[in-house]
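Notes follow once the structure below has been shown.
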Amino acid sequence: MRNIRYPNGKFPALQHSDAELPNRMRAEDFLTLIQDKQTSAAGRGMSLEEDVNESNAYYVAHEIASVHKKPTPVQIVKVDYPSRSSAVIREAYFRQPSTTDYNGVFEGRYLDFEAKETRNKTSLPLNNFHAHQINHMRLVLKQKGIAFAIIRFILHDETYVLDAAHIIRFWEEAACGGRKSIPYSYIQKHGYLIPEGFRPRLDYLSVIKRHYF
């Protein structure tokens with residue numbers, strides 16, 4: 001407990017020794033809890049992509065699922081060689097459009113999803129998605145895969161799973177003159193709030209298992 005100080009720099013006084021706490025949290029357990037909460041709070045400043053990557057690393061390490069961020073293929077155009085042992089890329093471009101951000105396998109089911117975050121409080125603008133991504137998610141659904149988006153509303157501090165079918169519907173309606181965004185209230189109603197914690201940071205697979213299996 002000597003590692004914990006109040007804001008004024010003083011140490012807290014213990015009212016009971018460990019031996020006197022048979023039905024209470026012991027000192028070392030309390031310290032571990034405080035450290036875990038501090039680590040979790042430090043992660044609140046992370047981007048959605050970092051949170052998803054960290055969660056995926058946890059899933060892979062514990063053999064819960066195999067989910068990874070897709071690499072974006074790049075065509076290298078110009079390379080300088082200042083020395084024999086080093087090379088510097090001077091010019092490159094994306095060789096082909098990407099599909100979605102992530103894919104993988106969870107309990108025998110194929111997963112494919114986007115990760116999007118917005119500071120808009122009332123909606124998620126559809127310009128966060130591209131036509132090739134919508135077409136890709138449509139094909140995944142047709143093949144009985146699980147396609148969705150993980151959507152974070154930064155100012156609400158909330159992150160949701162929203163099935164791709166909803167996103168495709170809004171996209172198609174927008175193409176016919178409909179609204180150009182998905183309302184926050186709609187995502188609250190039809191999406192699934194992802195629990196946030198420490199390990200994993202975003203336990204989105206618990207949501208997938210509850211609602212898709």
Practice task
Step by step, work out the side chain to side chain contact (heavy atoms under 4.5 Å, CB included) result for Asp101 and Phe113.
Solution key: CA-CA 6 Å; Asp101 291 334; Phe113 64 95; 5.9 Å; no
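- Ring-plane geometry between Phe153 and His156 is classed as perpendicular, the angle between the planes exceeding 60 degrees on a 0 to 90 degree scale with a lower cut at 30.
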Exercise for the section: Could you walk me through whether Ile187 and Ile182 pass side chain to side chain contact (heavy atoms under 4.5 Å, CB included), step by step? Expected result: CA-CA 7 Å; Ile187 295 174; Ile182 306 175; 3.7 Å; yes
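- Looking at every heavy atom in both residues, Phe170 comes nearest to Ser181 through CD2-O, 3.7 Å.
- The two atoms that bring Ser47 and Glu50 nearest to each other are N-OE1, 2.9 Å, heavy atoms only.
- Contact annotation: the side chain of Val140 never approaches that of Thr99 to less than 4.5 Å [non-hydrogen atoms, C-beta and beyond].
- Using a 4.5 Å cut-off on side-chain heavy atoms (C-beta onward), Leu111 and Val105 make no contact.
- The pair Arg152-Asp157 does not meet the salt-bridge criterion, since no charged nitrogen lies less than 4.0 angstrom from a carboxylate oxygen.
- When side chains are defined from C-beta on, Ile168 does not count as touching Phe129, because their heavy atoms never get closer than 4.5 Å.
- Judged by distance alone, with hydrogens and angles left aside, the side-chain atoms of Lys180 form a donor-acceptor pair with the main-chain N or O of Ala174 at under 3.5 Å.
- For the atom pair Ile194 CD1 and Leu202 CG, the distance stands at 5.5 Å (nearest 0.5 Å).
- In summary, the side chains of Tyr204 and Asp51 do not present any donor paired with an acceptor at a separation below 3.5 Å, with no hydrogens or angles considered.
- Leu48 places a side-chain heavy atom less than 4.5 Å from the side chain of Ile150.
- A donor-acceptor pair is defined here as one N or O able to donate and one able to accept, closer than 3.5 Å; no such pair exists between the side chain of Lys69 and the backbone of Tyr102.
- Geometrically, Lys121 does not engage Tyr184 in a cation-pi contact defined by less than 6.0 Å to the ring centre and at most 45° from the axis.
- The nearest pair of heavy atoms linking Leu141 to Ala165 is CD1-N, 3.8 Å.
- In this structure, His132 NE2 and His130 NE2 are separated by 6.0 Å, a value rounded to the nearest 0.5 Å.
- Below 30°, between 30° and 60°, or above 60°: for Phe148 and Tyr212 the angle between ring planes is between 30° and 60°, a tilted geometry.
- Judged by the 6.0 Å distance and 45° axis criteria, Arg109 is positioned over the aromatic ring of Phe213.
- Inter-residue side-chain proximity for Pro195 and Val207 is flagged as met; some heavy-atom pair is nearer than 4.5 Å.
- Remark: side-chain polar atoms of Ser123 are not paired, donor with acceptor, to backbone N or O of Pro125 under 3.5 angstrom.
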Exercise for the section: Evaluate the side-chain hydrogen bond (donor to acceptor under 3.5 Å, both in side chains) criterion for residues Asp112 and His136: first the C-alpha distance (whole Å), next the side-chain angles of each, then the deciding distance (0.1 Å), finally the verdict. Expected result: CA-CA 9 Å; Asp112 203 294; His136 175 74; 2.9 Å; yes
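- Closest of all the heavy-atom pairs between Asn128 and Gln133 is O-OE1, 4.2 Å.
- For the pair Asn103 and Tyr110, the minimum side-chain heavy-atom distance is below 4.5 Å.
- A salt bridge links Glu196 with Arg201: at least one charged nitrogen is closer than 4.0 Å to a carboxylate oxygen.
- In terms of heavy atoms, Ala115 sits closest to Val52 at CB-CG2, 4.5 Å.
- In this structure, Ile134 and Ile167 have side chains that are in contact, with non-hydrogen atoms separated by less than 4.5 Å.
- The closest side-chain donor-acceptor pair between Glu54 and Tyr58, if any, does not fall under 3.5 angstrom.
- In this structure, a donor-acceptor pair under 3.5 Å is absent between the side chains of Asn53 and Ser55.
- By the 4.5 Å heavy-atom criterion applied to side chains, Val67 and Val60 are not counted as neighbours.
- Closest approach of Phe106 to Ile208, counting heavy atoms only: CD2-CG2, 4.4 Å.
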Practice task
Start with the C-alpha gap between Arg138 and Glu172, add the side-chain angles, then the distance that decides, and say whether side chain to side chain contact (heavy atoms under 4.5 Å, CB included) holds.
Solution key: CA-CA 11 Å; Arg138 185 184 289 111; Glu172 292 173 345; 3.1 Å; yes
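- Under 3.5 Å, the side chains of Tyr160 and Glu158 contain a donor-acceptor pair of N or O atoms.
- A donor atom on one side chain and an acceptor atom on the other are not found under 3.5 Å apart for Asp163 and Tyr192.
- Using a cut-off of 4.0 Å between Lys/Arg side-chain N and Asp/Glu carboxylate O, Lys209 and Glu107 are scored as salt-bridged.
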